[in-house]
Amino acid sequence: MLVLQTHDVLRRFGADVLFHNINLQINDQARVALVGRNGAGKTTLLKILAQITEPDEGTLAVGKNVTIGYLAQDQGLDSQNTIWAELDGVFAPLHAMEKRLHALEEQLASVDATSPAYQEILSEYDRLQTSFKKQDGFAIDSKIRGVLTGFGFSEAMYEMPVNSLSGGQKTKLALAKILLQAPNLLILDEPTNHLDMGVLSWLEDYLKGYAGALLIVSHDRYFLDKVVNEVYDLDNKTLTHYTGNYTAFMHHKADKLKAELKHYEQQQKKIAALEDFVNRNIVRASTTKRAQARRKQLEKLDRLTRPVSDDRSIHFSFTYGEPSGNDVLTVQDLKIGYHDQPLAGPFSFTETKGQRIGIIGPNGIGKSTLLKTLLHKLPAISGEIKFGVGLQIGYYDQEQQQLHPEKTVLDEVWDDHPEVPETEIRSLLGSFLFVGDDVFKLVKDLSGGQKARLELTKLSFEPINYLILDEPTNHLDIDSREVLETAINEFPGTVLFISHDRYFINQVATDVLAVTK
């Protein structure tokens, strides 16, 4: 069954075209990813597909009786209800049906079983009960409990007001609610934000068994590999369809680009040969007719444009400082927390030169607190932290508190290195996609992804032999994540990092430190 289809959809951004010739088709139970660099227009396209906005040109057709659920990026719930009541409200029609069933049961008990009225009531009761069972009316509580457990909400939290939750918890609850609504087409924009590995694994399994169709935008490559089997690539302002998961798409796209480049080069050789023949023979009486025929052939030729991808991404490397000693970090019986109240520990581990240790664990368990304690930004409750000699530490803060909101992008970097010419600073910023007037934007006006790139810009400028990174892939698109992976793998120093990005961890980490309760 066809769920949704577009025909030549176009969207303008001011005087420019953001995308055009968008032809997309989603069938029942499809598992589709929409990919493309930051700024390509993925979220804009999702809003058109969700019927929140309309295209400037082209058409959108939605199947009869198709319901669409759309979860925006970092969209949290704002409600006075308790957690349980908010999710239970999804099933209001079923609760009304159950109430009617109970009322009919009471009527059946009070009416003569041989009367026509009894048969009418019984007929309505049977019809309603069949519909109630078909819609899993008896499984409402177990469905709610299952989803809440999957997203990490304990039973003790069920009566908490939604508005008392953190931003990340509200986002998870919004995702839980839309899953329970079970629309025919579920459109999810970055659903893996704020999710730790355990929740991600549960969500992957849930979505693989989802009865309807899925359309997902995500920077989590591992998640896409597990869930989707079709990819639409928004590249060069238009859409190309590929079959397979994300990894298969990357191979197919590379092969496609390679084949297109080969055809283009073959045509260029043909054009060059034809033009050479025309130039040499057009003025000679004996060959002018053949030259004119070649000229007509050139005029009729459907010339290919050189194939390119608009996957602009950052390009950089970390500046390696002086080599450190072999012993980089020793942690012994370390307990961490706030105001003398332990949060986690005791930790005991060592890191030696060249290791790249990835720290994993559920949200809220104290991973960021551990890094801040190691860096003496927070006091340790007990235990010992011993750094090796000659360390040049570079720290990436996921909260970007090291940036100054009122500074421009240019000044944020240049103020730290006033001796460096402006052209060199701007060249460095350009490698992180800050070009033209972007360098005069205030830090406070930047997106999360832009702030992440700015912090990496500053970090790449410093001589470093020990990198400490707190969730460095947050807010980065897939291309930028891959560049960061390469930069870390080529860095000869030592790395300690926190991440929920399983693909990133597999590419970068030599060792893993799992933080558990």
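All heavy atoms count here, side chains included; hydrogens, waters and symmetry mates do not.
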message: Using the rule given for salt bridge (Lys or Arg N to Asp or Glu O under 4.0 Å), can you reason through Glu455 versus Lys451, listing the C-alpha separation, both sets of side-chain angles and the distance that settles it, and then say yes or no?
response: CA-CA 6 Å; Glu455 188 154 359; Lys451 287 179 181 176; over 6 Å; no

query: For His7, does the NE2 atom have more than 12 heavy-atom neighbours from other residues, nucleotides or ligands under 6.0 Å away?
result: no

- request: Indicate yes or no: at least one non-hydrogen side-chain atom of Leu410 is less than 4.5 angstrom from one of Phe440.
  value: yes

task: Quick one: do Tyr466 and Glu351 satisfy side chain to side chain donor-acceptor pair (under 3.5 Å)? Show the steps, please.
output: CA-CA 11 Å; Tyr466 190 24; Glu351 186 168 24; 2.8 Å; yes

- prompt: Can you list the steps and then say if Ile357 with Phe497 is a side-chain contact (heavy atoms from CB on, under 4.5 Å)?
  reply: CA-CA 6 Å; Ile357 297 179; Phe497 69 94; over 6 Å; no

- prompt: If only atom types and distance count, is the side chain of Ser431 paired as donor or acceptor with the main-chain N or O of Leu428 below 3.5 Å?
  reply: yes

- request: Begin from the C-alpha positions of Ile68 and Val62 and carry the test side-chain contact (heavy atoms from CB on, under 4.5 Å) through to its verdict.
  value: CA-CA 9 Å; Ile68 299 176; Val62 178; 4.2 Å; yes

Listed partners of Lys133 passing salt bridge (charged side-chain N to carboxylate O under 4.0 Å, His left out), at least two apart: none

query: Parallel, tilted or perpendicular: which describes the rings of Tyr232 and His241, with under 30° parallel and over 60° perpendicular?
result: tilted

message: Tell me if a side-chain donor or acceptor on Thr149 pairs with a main-chain N or O of Gly146 at a distance below 3.5 Å.
response: no

query: Just wondering, are more than 12 heavy atoms of other shown residues or ligands nearer than 6.0 Å to NZ in Lys335?
result: no

- prompt: Are any side-chain N or O atoms of Thr457 and backbone N or O atoms of Arg453, one a donor and one an acceptor, separated by less than 3.5 Å?
  reply: yes

- prompt: Taking only residues two or more places apart in sequence or in another chain, which ones pass ring pair (Phe, Tyr, Trp, His ring centres under 6.0 Å) with Tyr338?
  reply: none

task: Output yes when a side-chain donor or acceptor of Ser201 lies under 3.5 Å from a complementary backbone atom of Met197, and no otherwise.
output: no

message: What I want to check is whether the side chains of His500 and Asp220 have a donor and an acceptor closer together than 3.5 Å.
response: no

- prompt: In this structure, are over 12 heavy atoms from other groups packed under 6.0 Å from Lys458 atom NZ?
  reply: yes

message: When you measure from the side chain of Arg11 to the backbone of Pro55, do you find a donor-acceptor pair of N or O atoms at a distance under 3.5 Å?
response: no

Polar side chain donor-acceptor pair, Asp225 to Thr247, under 3.5 angstrom: yes

field: Check: Thr6 side chain, Ile22 main-chain N or O, donor-acceptor pair, under 3.5 Å
entry: yes

- prompt: Can a donor-acceptor pair be found between the side chains of Ser317 and Glu490 at a distance below 3.5 Å?
  reply: no

message: Less than 4.5 Å apart, side chain to side chain, heavy atoms only: is that true for Leu469 and Leu371?
response: no

- request: Identify, with sequence neighbours excluded, every residue that meets ring pair (Phe, Tyr, Trp, His ring centres under 6.0 Å) alongside Phe19.
  value: none

- prompt: Taking only residues at least two apart or on different chains, which pairs with a member in residues 176-191 satisfy side chain to side chain donor-acceptor pair (under 3.5 Å)?
  reply: Thr43-Asp189, Thr67-Asn184, Glu86-Lys177, Glu190-His219

message: Is it the case that the side chain of Ser142 and the backbone of Ala139 share a donor-acceptor pair, with hydrogens and angles ignored and the cut-off at 3.5 Å?
response: yes

query: Side chains of Val35 and Val217: does their closest heavy-atom pair fall under 4.5 Å?
result: no

- prompt: Any Lys/Arg nitrogen of Lys444 or Glu406 sitting under 4.0 Å from an Asp/Glu carboxylate oxygen of the other?
  reply: yes

query: Just wondering, are more than 12 heavy atoms of other shown residues or ligands nearer than 6.0 Å to CG in Asp255?
result: yes

field: Close side-chain approach of Arg221 and Phe504, heavy atoms under 4.5 Å
entry: yes

task: For atom NZ of Lys47, decide whether the heavy atoms of other residues, nucleotides or ligands shown that lie under 6.0 angstrom number more than 12.
output: no

message: Quick check: do Leu513 and Ile360 have side-chain heavy atoms less than 4.5 Å from each other?
response: no

task: Could you list the residues that satisfy ring pair (Phe, Tyr, Trp, His ring centres under 6.0 Å) with Trp414, not counting sequence neighbours?
output: none

query: Going by atom types only, do Asn23 and Asp8 share a side-chain donor-acceptor pair under 3.5 Å?
result: yes

- request: Say whether Asn489 and Arg356, considering side chains only, have a donor N or O and an acceptor N or O under 3.5 Å apart.
  value: yes

- request: Look at the side chain of Asp88 and the backbone N and O of Phe91, then say whether any donor-acceptor pair between them is shorter than 3.5 Å.
  value: no

message: Whether the side chain of Asn506 engages the backbone of Arg502 through a donor-acceptor N/O pair (distance < 3.5 Å, no angle test) should be reported.
response: yes

task: Can you label the angle between the Tyr158 ring and the Trp84 ring as parallel, tilted or perpendicular, going by 30° and 60°?
output: tilted

- prompt: Could you walk me through whether Leu334 and Leu374 pass the side-chain contact (heavy atoms from CB on, under 4.5 Å) check?
  reply: CA-CA 9 Å; Leu334 177 65; Leu374 295 177; 4.0 Å; yes

field: Which residues share a ring pair (Phe, Tyr, Trp, His ring centres under 6.0 Å) with Tyr210, sequence neighbours left out
entry: none

- request: Check for a donor-acceptor pair, side chain of Thr486 on one end and backbone N or O of Glu482 on the other, with a separation under 3.5 Å.
  value: yes

message: Please identify which of these residues, Lys253, Arg37, Lys42, meets the salt bridge (charged side-chain N to carboxylate O under 4.0 Å, His left out) condition with Asp233.
response: Lys253

